[in-house]
Each structure stands twice: as C-alpha cells, then as structure tokens.
Protein chains: 2
Amino acid sequence: MGLHMGSDARRPTLRDIADRVGISEAAASFALNGKPGVSEATRQRVLQAAKELDWAPHHAARALTGAGTATVGLVIARSAQDVGSELFFHRLMTGMQAVLSRRKYALLLQVVDSVDEEIAVYHAWKRENRVDGVVLVDLRRNDPRPEAVVELGLPALIAGGPDPAGVVPSVSIDDAAAMTSVMRHLKETGHERVAYLSGPISLLHVHRRIESFWRASADLGIADCRSHATDFSAGAGDSATTSMLRGDPRPTALIYDNEVLAVAGVGAIRRMALRIPEDVAVVVWEDTPVCTVLQPALTALHRDPAGFGADVAERLLKVLAGEKVADFEERVPTLVARASTVGERPGDAD
Amino acid sequence: MGLHMGSDARRPTLRDIADRVGISEAAASFALNGKPGVSEATRQRVLQAAKELDWAPHHAARALTGAGTATVGLVIARSAQDVGSELFFHRLMTGMQAVLSRRKYALLLQVVDSVDEEIAVYHAWKRENRVDGVVLVDLRRNDPRPEAVVELGLPALIAGGPDPAGVVPSVSIDDAAAMTSVMRHLKETGHERVAYLSGPISLLHVHRRIESFWRASADLGIADCRSHATDFSAGAGDSATTSMLRGDPRPTALIYDNEVLAVAGVGAIRRMALRIPEDVAVVVWEDTPVCTVLQPALTALHRDPAGFGADVAERLLKVLAGEKVADFEERVPTLVARASTVGERPGDAD
DNA sequence: CCCGGCAACTTTAGCGCTTAAGTCGCGTCG
DNA sequence: CGACGCGACTTAAGCGCTAAAGTTGCCGGG
C-alpha cells in the first residue's frame with residue numbers, strides 16, 4: 001500500500017546513481033559534493049537521480065574515508081545529575097541539539113557514575129572513532145578532564161568554564177556578575193544580613209559564586225554575610241535554612257543555589273512561622289516553573305540553558321572545523337524580581 | 001609527560017596487530033571475534049597484541065561491513081517536552097543509557113518541532129544508516145509514527161504503549177491500574193466528589209487515564225466526578241483549578257496530571273483560602289522533588305522513569321537482535337500518600 | 001602409500017565512499 | 001600543424017573490517 005519501502009529494499013548507493021546517469025561512481029561523488037571535475041549539466045542529472053532514488057550518503061562509509069563522524073559526545077556524570085540540575089541539563093542538551101541537528105550533527109549521550117568512568121568513555125570514543133568532539137560539563141576543581149581530552153587529541157569544549165588550566169576553550173556564564181546583581185538587588189531592597197546556601201565547593205562554578213558573594217558583600221558594604229555549602233539535597237536545604245535562621249541576628253535574605261534547596265528552604269521558613277519576604281527574602285539561582293508558581297513567587301536568576309547549549313554547540317563545531325575559538329562569556333543571567341524579595345506589588349504587571 | 005598519545009598518533013588497526021603477531025588481518029579478525037579458524041595459542045597472542053596496542057574496532061568500518069551501528073535513536077518532539085515532563089524524559093533517557101552503554105550502544109538524540117519532522121528524522125537516520133533502531137515516545141491518537149517506522153523497516157519500540165495498531169512492540173505503564181489506585185485512595189479517605197485535571201486528550205496515555213478515571217468512578221461508586229483537559233501549562237492549572245472549585249458543590253479532591261499543573265493548582269487553592277487537605281485533597285501524577293518539599297507534601301503517583309527507560313532499552317536491544325518481543329507492562333506506579341490527602345499524621349514515619 | 005579431510009591459516013573480494021592519478025578528445029597558441 | 005593545456009571523465013587504490021573461497025601441511029584410513 002503506497003510506496004512500500006520495506007527493510008529489504010536495498011538502499012541506493014553511488015553505484016546506482018552512477019549507473020542511472022551513465023557515469024562513474026567517482027564522477028557522481030564529485031557532482032554530489034560540489035567538487036570540480038563534472039560539467040554543470042552532468043551535475044544536475046546526478047542531483048536529479050539522487051533525489052529520485054532517495055539517496056543519502058552512507059554515514060559509516062563517509063566516516064571511514066576520513067570525514068568525521070558528524071557526532072559530538074556528551075557524558076553526564078551521575079553526580080552532576082542531582083535532581084536540582086536535571087532540568088538545566090535537559091535544556092542544555094536540547095539547546096545543543098537545536099544547532100547540531102541543523103548542521104546534521106548527532107548528539108551521543110552517555111551516563112556514567114564518576115569522572116574516571118567519564119574519562120574512560122572519552123578513551124573509548126576516541127579509539128572507536130565514535131565522536132568528533134565532546135562537551136565537558138560541570139567542571140570541578142583540579143578537574144582532570146581538560147588535560148585528559150587534550151592528551152587524547154579529542155576536540156572539546158567546556159560548558160560552564162573557563163578552564164583554569166586554559167587548555168580547552170569554553171563557553172561560560174558570568175557567575176560573578178550574576179551574584180553581584182543578586183547582591184545589589186538585596187542591598188536595594190534593604191538587606192544587611194544575607195546568607196548564601198550554595199552547592200558543593202568542589203564544583204568550580206559554585207566556588208566562583210562563593211568568591212563573588214564575598215566580594216560583593218565587601219563592595220556593597222553588606223556587613224553580615226555568611227555562606228554554607230550543601231550537597232544540593234532537599235534535606236540539606238531544610239536543615240541549613242533552619243540553622244541559619246536560628247542565628248541571632250538572623251539573616252534577612254537567603255540565596256539558594258538551586259530549586260530543590262529553595263523549595264525545601266521555603267518549607268523550613270514557613271515552619272518557623274516567618275513571613276516571606278517580610279521576615280526573610282528568598283532568591284533562587286535558577287528560574288524554573290516552580291518559582292513562578294509558588295506563593296509567594298520566588299525571585300530568581302534567570303538564565304537561558306537552551307541558548308547556552310546552542311552557543312556551546314556552535315563553538316564546538318568551530319573547534320571541529322579547526323578554527324581557534326576563544327573563551328566566550330554568555331549574557332549575564334538576569335534577575336527576575338518576584339514577590340519573595342519585593343513583596344506583592346499589585347501594579348507589578350507581568 | 002606520561003604516555004603521550006597526541007591526535008596524530010595513528011590509531012592501531014587490525015593490520016598492526018596482524019603484523020605484530022605475524023599472521024594475516026583476517027586471522028586476527030577471527031581471533032578477536034571468537035570465530036573458529038585460529039588456534040587457541042594464536043588467539044591469545046592476538047588478544048595480547050590488541051591489548052598492548054590499545055586497539056579497538058573502528059566503529060565505522062564495522063558498520064560498513066554489515067554489523068549494526070550500535071546506536072539507537074530517540075527523537076523528542078518539542079511538544080512532548082513541555083516543562084512538566086522534561087524531568088520524566090531526562091530520567092527515561094538516563095535509564096535507557098544505563099543499559100545501552102553496558103552493551104556498548106550509544107544513544108542518538110534529536111529534538112524536533114513536530115511529528116512530521118520526527119518522521120523525517122527517521123527517514124534520514126535510516127537512509128544514512130545512523131541507527132539500528134529507535135524508541136518512540138508520547139504516542140498520540142492516530143499516531144502515524146508506528147506505521148512509518150514499520151514501513152521504513154526501522155526497528156522500533158514504543159515507550160508508553162501499547163500501540164493501538166499493534167505493529168510495534170511496546171513497554172507500557174498501566175495507567176488504568178494507577179488511576180484505580182488513586183481513586184481507591186480517595187474513596188478510602190472519604191471523597192465523593194473528585195475532579196481530574198488532565199493533559200491534552202490527543203495524548204494516548206492521557207486518553208487512557210481519562211477512561212480509567214470514569215471507569216473507576218463507576219466501579220467505586222464515586223458519584224460526582226468531572227475531568228478537564230489542559231495543555232499542561234501553569235496557567236491552565238491555575239484557571240482550571242479555580243473554575244473547578246467554584247462549582248457547587250465543589251470537588252473535595254483534585255487529581256493533577258503533572259507537577260506544573262499541581263503546583264499552580266495548589267497556588268489557586270491557597271488563593272481561595274481553602275485548606276489542603278481539609279477542604280480539598282490533592283494528588284499528582286508524578287512524584288518529583290517538589291512534591292515532598294511543598295507544604296503540605298503532595299500525595300503522588302510514583303513511577304520509576306529510569307527503570308522504565310532501562311526496560312525500554314533492554315527490549316529494544318532484543319528487537320535489534322531479531323527476537324520477537326511481546327508487549328510488556330511495567331510495574332504499576334505506586335501511590336505515595338502524603339499530607340495533601342491524608343493530612344499531617346505525626347506518627348507517619350517515613 | 002596415496003588420498004580425503006580437517007585445522008589453521010592466507011588470499012581475495014567487497015561494504016560505500018573519497019581521492020589521487022590517469023585517459024581522452026578538443027580548442028589553442030607559437 | 002603539432003605539442004600543450006584543460007575540462008570532463010574514468011580507473012585504481014584505499015579507509016578498517018568481515019567473510020567467502022582458497023591454500024597449506026599433517027593425520028588417519030583404506
């Protein structure tokens with residue numbers, strides 16, 4: 001029924017096209033790749049034949065002759081995949097995909113348990129020639145990955161750099177500026193005591209945020225600041241919030257490094273019968289659907305993971321094309337002020 | 001520094017191994033693939049040489065000789081990727097990966113905007129020989145995809161079936177049983193008027209849930225039931241909740257099809273100054289971190305997306321191996337009763 | 001003692017495509 | 001008018017691996 005093309009219908013090859021047009025395979029190849037060596041007339045006939053036969057280059061065959069694999073790899077270490085950042089990851093990936101697929105590149109995904117395994121995957125990919133390049137995410141302090149991929153000769157790009165060692169180009173998010181905008185906002189809304197509940201310091205971006213937190217504290221003259229590292233879990237969010245708020249004097253504003261932490265924190269705040277934002281203001285470092293839907297809505301740092309992913313992919317493709325690419329800094333995340341810091345403002349059209 | 005293996009160091013091939021051992025390429029190939037035709041002694045020497053040279057089969061070369069591509073594809077249509085289900089998807093994927101990578105399979109990912117584009121991707125993958133098989137997600141009513149992959153001769157498996165047409169095997173979740181358990185729970189906690197805020201009926205699983213909802217309503221004798229389809233958005237969750245609760249008599253329990261809907265709904269409920277669960281009980285069809293962290297914690301249907309993904313991958317691999325696989329039903333999601341239906345029970349250790 | 005048969009290889013061919021190195025006819029320049 | 005250059009192809013080789021079809025050398029049976 002209809003044009004039946006079962007699995008047995010051998011896919012067309014260059015041979016078929018060549019035969020149909022009455023030329024050699026090589027000529028057909030030239031024509032299809034826009035190379036010189038065929039007349040325009042012939043080229044057209046080849047193109048036509050290719051279309052009629054529904055021909056497409058055999059991916060493996062191409063890869064075998066030296067063209068790349070048209071595939072980029074992404075390894076997700078399970079630790080980087082805690083519940084708080086899954087959404088971010090997912091969007092990063094889909095963002096990457098948007099540009100990759102436009103360029104006919106595929107995304108190869110792998111989930112592993114540790115950084116060591118991750119490096120093992122890079123080895124395997126390289127040995128088997130499975131990918132042309134990889135994206136490194138969630139850099140840690142003293143991360144062995146940049147060195148590893150360089151040594152392997154595996155083109156790479158860091159999502160969320162910059163690379164301290166400077167050996168792998170990166171696309172990064174300006175955590176310092178973002179933190180500054182958060183602190184400025186808190187300063188402007190009258191806070192003098194703010195606590196930052198961060199993720200694990202082993203993560204490079206967390207480390208940077210903490211540094212900026214203290215710098216901003218100094219620069220803006222916010223006298224009483226404290227920070228506390230968590231493991232990103234709800235439990236940690238709850239207990240850290242509780243102990244912070246037991247302090248005397250207690251902080252008037254809390255910054256949470258992710259959504260899970262924040263929602264747990266809000267729960268703890270409520271349990272202590274404190275009001276948001278009158279008693280404590282809350283800011284979250286990631287704008288997720290939950291932020292807008294909670295009551296009060298949470299002021300959040302809004303970034304664009306998909307756009308980030310797109311930039312990452314774009315630059316990785318440049319690396320693959322042999323271009324030297326410089327480190328790139330994303331647009332600074334914007335602070336979206338909501339009720340959790342500014343209170344209900346009826347006229348707050350949005 | 002250390003064992004340097006720059007990108008220029010040509011990767012070893014069968015030739016290298018053969019030379020080193022002093023046999024032919026073919027013999028080496030036999031040895032490495034456990035085929036008869038070489039003595040055990042030789043086989044060992046080949047294996048040894050392969051290890052020493054850090055050899056691995058060239059993926060493209062293998063694919064070219066008829067072996068598969070050791071890659072399975074997954075296309076995500078952007079519509080299926082609304083904020084409420086991103087988490088589910090992400091976990092599904094990582095679950096698939098767990099089994100795929102163990103078998104040396106890779107996951108190829110693609111994001112598209114429509115079902116048509118999705119089918120186009122399958123065509124392209126097939127033509128270019130990029131994948132051995134694909135996973136179909138988020139089946140709709142009259143979905144053209146099962147037919148399409150069959151016609152293409154592209155092995156496939158449906159995640160979240162069963163396929164109404166019965167042409168593609170599936171791994172499915174028993175929505176009917178799940179819905180029944182929800183309804184039974186509500187009946188037991190004394191509800192006689194329940195409203196179901198579902199996703200779009202065009203989705204097969206939503207359709208099934210709605211059907212089961214009504215069946216359960218009849219079976220359990222829950223007199224006053226109503227259901228309302230939404231687009232999964234927070235806005236819809238808010239407005240649908242509001243209008244439901246304006247009904248007279250108003251429902252005493254609300255079932256939400258996903259997290260975003262639920263959180264928005266809880267917001268609306270609060271705005272109407274109703275108490276949870278005293279005035280309205282709430283159940284969510286997906287257990288996410290937010291459920292446990294909200295106050296009151298939300299009773300939720302807990303499934304295991306990663307386990308689901310693993311099952312899907314496993315069965316797809318069987319299909320690829322040429323085995324006939326029957327439709328498979330996952331363990332029924334379990335209802336996790338929390339404060340939003342049963343109230344605060346201090347003795348509720350967990 | 002010769003031949004079939006078998007184990008243990010080797011040779012050859014080929015997967016689908018690219019590319020370097022021809023080949024051939026034709027217009028052109030000295 | 002002949003060598004030369006060039007456009008338009010064709011041939012051949014090869015990417016790394018697999019698999020079918022040889023090729024040995026050795027052993028046992030008739």
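Note on naming: letters A, B, ... go to the chains in the order of the sequence lines (proteins, then strands), and numbering restarts at 1 for each one. When reading the values below, keep in mind they use all heavy atoms of this one structure, side chains included, and skip hydrogens, waters and symmetry mates.
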Atom [atom1] of [X] and atom [atom2] of [N]: how far apart are they, to the nearest Å?
{"X": "A/Arg15", "N": "C/dG14", "atom1": "CZ", "atom2": "P", "value": "12 Å"}
{"X": "B/Ile23", "N": "C/dA7", "atom1": "CD1", "atom2": "P", "value": "18 Å"}
{"X": "A/Leu53", "N": "C/dG16", "atom1": "CG", "atom2": "P", "value": "14 Å"}
{"X": "B/Arg62", "N": "D/dT18", "atom1": "CZ", "atom2": "C1'", "value": "9 Å"}
{"X": "B/Asp16", "N": "D/dG16", "atom1": "CG", "atom2": "P", "value": "9 Å"}

| field | Sequence neighbours excluded, every pair satisfying side chain to side chain donor-acceptor pair (under 3.5 Å) that has a member inside residues 19-29 of chain B | value | B/Arg15-B/Asp19, B/Arg15-B/Glu25, B/Arg20-B/Glu52, B/Ser29-B/Asn33
| request: Show your working on side-chain contact (heavy atoms from CB on, under 4.5 Å) between A/Gln110 and A/Ile76 and close with a plain yes or no. | output: CA-CA 6 Å; A/Gln110 181 92 274; A/Ile76 299 184; over 6 Å; no
| Earlier contact from the 5' end, DNA chain C, for B/Thr65 and B/Gly22 |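 Result of the comparison: B/Gly22.
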So which nucleotide from [options] ends up closest to the side chain of [X]?
{"X": "A/Leu64", "options": "C/dC15, D/dC15, C/dT11", "answer": "D/dC15"}
{"X": "B/Ala26", "options": "C/dG16, C/dT11, D/dC17", "answer": "C/dT11"}
{"X": "A/Trp55", "options": "C/dT11, D/dT11, C/dC17", "answer": "C/dC17"}
{"X": "A/Glu25", "options": "D/dT11, C/dC17, D/dC17", "answer": "C/dC17"}
{"X": "B/Phe30", "options": "D/dC17, C/dC17, C/dT10", "answer": "C/dT10"}

| field | Donor-acceptor contact below 3.5 Å, side chain B/Arg11 vs main chain B/Ala56 | value |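 Yes; at least one donor-acceptor contact below 3.5 Å.
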| query | Between the main-chain N or O of A/Val72 and the side-chain N or O of A/Asp132, is there a donor-acceptor pair closer than 3.5 Å? | reply | no
| Which is true for A/Thr13 with a 4.0 Å heavy-atom rule: it touches a base, it touches only sugar-phosphate, or it touches nothing? | sugar-phosphate
| said: At 4.0 Å (heavy atoms only), tell me whether A/Leu14 reaches a base, stays on the sugar-phosphate, or touches nothing. | reply: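 Base contact - A/Leu14 has a heavy atom under 4.0 Å of at least one base atom.
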| task | Tell me whether the OP1 or OP2 atom of C/dT18 has a side-chain N or O from A/Ser29 closer than 4.0 Å. | result |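 True: A/Ser29 side-chain N/O within range (under 4.0 Å) of C/dT18 OP1/OP2.
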| request: Classify the ring geometry between B/His90 and A/His90 as parallel (under 30°), tilted (30 to 60°) or perpendicular (over 60°). | output: perpendicular
| In residues 31-45 of chain B, which residues come under 4.0 Å of DNA chain D by heavy atom? | B/Asn33, B/Lys35
| Does any non-hydrogen side-chain atom of A/Pro146 lie less than 4.5 Å from one of A/Ile158? |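 With C-beta onward as the side chain, the pair touches.
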| task | Please determine if B/Arg145 forms a cation-pi arrangement with B/Tyr122, meaning its NZ or CZ atom is less than 6.0 Å from the six-membered ring centre and no more than 45° off the ring axis. | result |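 Output no; distance or angle outside limits.
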